[in-house]
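Let me begin by presenting the structure, written as structure tokens, before commenting on it.
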Protein chains: 2
Amino acid sequence: MTPGPVTIADVARHAGVSASTVSYVLSGKRAISAVTREKVLASVRALGFHPHAGARALAGNRSNIIALALPLRAGINVPVVMQFAAAVVDAARAGGYDVLLVTADEGAAGLRRVAGSALVDGLILMDVETDDERVPALRELSRPSVLIGLPADPTGLVCVDLDFARAGELCVEHLAALGHRRVALLGAPQAVYDRGTGFARRTRDGVRAAALRCGVHADAVPLEPVFPAALEALSRLGDTTALIVHNEGAVDHVLTALRTLGRRVPDDVSVLAICPDDVALAATPNVSNVQIPAAQLGRLAVDRLLERDDDTGVPAATLLPPMLTTRLSSLPPPIRSVR
Amino acid sequence: MTPGPVTIADVARHAGVSASTVSYVLSGKRAISAVTREKVLASVRALGFHPHAGARALAGNRSNIIALALPLRAGINVPVVMQFAAAVVDAARAGGYDVLLVTADEGAAGLRRVAGSALVDGLILMDVETDDERVPALRELSRPSVLIGLPADPTGLVCVDLDFARAGELCVEHLAALGHRRVALLGAPQAVYDRGTGFARRTRDGVRAAALRCGVHADAVPLEPVFPAALEALSRLGDTTALIVHNEGAVDHVLTALRTLGRRVPDDVSVLAICPDDVALAATPNVSNVQIPAAQLGRLAVDRLLERDDDTGVPAATLLPPMLTTRLSSLPPPIRSVR
DNA sequence: GGTAGCTGTTGAAGCGCTTCGACGACCGCC
DNA sequence: GGCGGTCGTCGAAGCGCTTCAACAGCTACC
């Protein structure tokens, strides 16, 4: 039944043409008459031919694989990462590429390994730190790469991300417009700020800048995504009337803690989140949020990576504009707070 | 600086030996004198040589890549899946293998594609359904594979998993021993049962069997991992004095719902969970749990896959025995319930 | 009627590596 | 001192594919 793997020569023989013709039919790189093409395709189907990936990579000088460097470390929110990953895989597959998983543990050496051995044609990095050891390595790689995130110095690199600074501003502006005068950012765990992860800091900076501009007082506190931490953070926040939660795993805990403290949402406290829509919709009550467009960013990253073949200049950093969706958790502050 | 990629011939020339000698040094498949070996290794380092993955796969008939088929669908708990994935990647890397990500979307066709094109040397599948279309495909693949999970008919396949039936029994036995007479299993979302995912059903069967044996009444209800669902499920459970939560994402919600209903844990209600330790420890109070040894299972799967080279018989299914860790959430039932 | 220009197909030359068989050098043994 | 046996190294073959240069057969045009 299975007399060893089928090669292109088998297909050529079966179809009564040469191996190169089969190759051209499959790649479409040369005109082939309709008759021949059909004959060849029929043989391909009949024999169940799958071109040998290694041979193809060797001869064609491209593996049709891209590397996805995923963070699997402290403080990151796993479901969000997986949304990115799923989008990247989908987009890559749609473009005829497979995805090789590289963990952040391997660091720059891992990237050099997979790129150096021609295992992958390009790389996508997530969870980029402000001063990431992998960033300089990337520049020397001779393979294209795209970062999801924004390092301190993006020169010569292609980056895509949500404009988190603007997202922070947007939240403050929204709350300020509602009349809030005292807001707080409940952010990522401390470890994420310490590590210099870009998105966390950029949001914080955006919140602070907008607060200054809008004449609003803004606190910013890191937060572990566990219930006691949420409770404790809230009890220390005093007469804050609005919260901005930039921590997917903590949204639920914050709402629960508010309930525990007897503070109603949105009547006593308004809550905004920067999180994917599904997290916002799973919360009770549904939380007004700036969406994290994971699927869109993942797809964009792949597109940027693959369009590099066409060498359309250097697109540099693309920061998607944030979008705030108003749901049930934000209202003007209670009367007693508006002097 | 970079005059194109370094080939084995460059290394051979630099070291003053033949290409085959370099190959043998690198693979260790033939005795090489210490002097020559050092010379070659020095040249490898000096030139920054990385063997071309495609060429290696072509000549050596192995790609040093394994496929990991990940579920990215409704009802699965993403962080747990990622724990498995991380363990698989780690173990694979330790064995000199890279990991290619294949999503469940691609189904059997995806497996045939990556195996048929010799892209991967072996496959690991997660989230196997009772009657999974991929399982028969696997048998025809001519590449080894390991399932994390247990299909209806595991004949001829290598499977590893936690013994969920035994886990369910263990929970009931523990609660029965404490004196509980009425327990409830809060399980996976309905969609997971409908799909026929093995672990959910096996746990339920284990719970029922042990309940019968121990003379305990056991309800089993599916549960979405959102707060309102937890609240609703609990309010309908009547005078149940103990809960078994087999749903990582719902553990927190169940505890919060109990708090909301004014039922204290463990004084009024005992709670057991089947979940990874970190979920149990992040809960308030810490929940007694049967651990899901994701890291161990991931590593085991890779080991099983790679030891196939040695062809040590057919190890068949390996079900790890469950371990119950008693923490703060389980006590004998309140007096009023013990007639 | 000759030539220029297409179109469709082919053979052959690699891509960079592994591995097989061969062989020279050197060991110890009778 | 000659012979079998290791040990260490090498040349060459080939893995299955892509792609280049070449060419046969046409059409079209002057």
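All chains are named by letter (A, B, ...) in the order of the sequence lines, taking the proteins before the strands, and each is independently numbered beginning at 1.
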For [X] and [Y], which I'm curious about, is there any donor-acceptor pair between the side chains at under 3.5 Å?
X     : Y     : result
A:S20 : A:S23 : no
A:S43 : A:H14 : yes
A:Y24 : A:R37 : no

Measure [atom1]/[X] against [atom2]/[N] and give the value in whole Å, please.
X     : N      : atom1 : atom2 : answer
A:R37 : C:dT7  : CZ    : C1'   : 13 Å
B:Y24 : D:dC7  : OH    : C1'   : 14 Å
B:N61 : C:dC20 : CG    : P     : 12 Å

Legend entry - First of B:R56 and A:S18 reached from the 5' end of DNA chain C, by closest nucleotide: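 It is A:S18 whose nearest nucleotide is closer to the 5' end.
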
Inset, instruction - Would you tell me if any nitrogen or oxygen in the side chain of A:T36 comes within less than 4.0 Å of OP1 or OP2 on C:dG8? - result: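 Checking C:dG8 against A:T36, no side-chain N or O comes under 4.0 Å of OP1 or OP2.
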
Legend entry - N or O in side chain of A:S33 less than 4.0 angstrom from C:dT9 OP1/OP2: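 The answer is yes; a side-chain N or O of A:S33 sits under 4.0 Å from OP1 or OP2.
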
Taking only the side-chain heavy atoms of [X] (C-beta and beyond), determine which of [options] contains the nearest atom.
X     : options                : answer
A:S20 : C:dC17, D:dC17, C:dT10 : C:dT10
A:S23 : D:dC17, D:dT18, C:dT10 : D:dT18
B:T21 : C:dG16, C:dC17, D:dT9  : D:dT9
A:I8  : C:dG16, D:dC10, D:dC17 : D:dC17
A:A59 : C:dT19, D:dT9, D:dT18  : D:dT18
A:K29 : C:dC17, D:dG16, D:dT19 : D:dT19

Inset, instruction - Nearest-nucleotide wise, let me know which of A:R30 and A:H50 is further upstream toward the 5' end of DNA chain D. - result: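 By nearest-heavy-atom nucleotide position, the 5'-most residue is A:H50.
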
Inset, instruction - Could you tell me whether a side-chain N or O of A:D161 sits under 3.5 Å from a main-chain N or O of A:L319, the two making a donor and an acceptor? - result: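 Not a single qualifying donor-acceptor pair exists.
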
Inset, instruction - Indicate, with a heavy-atom threshold strictly under 4.0 Å, whether B:T7 touches base, sugar-phosphate, or nothing. - result: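 Sugar-phosphate contact only.
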
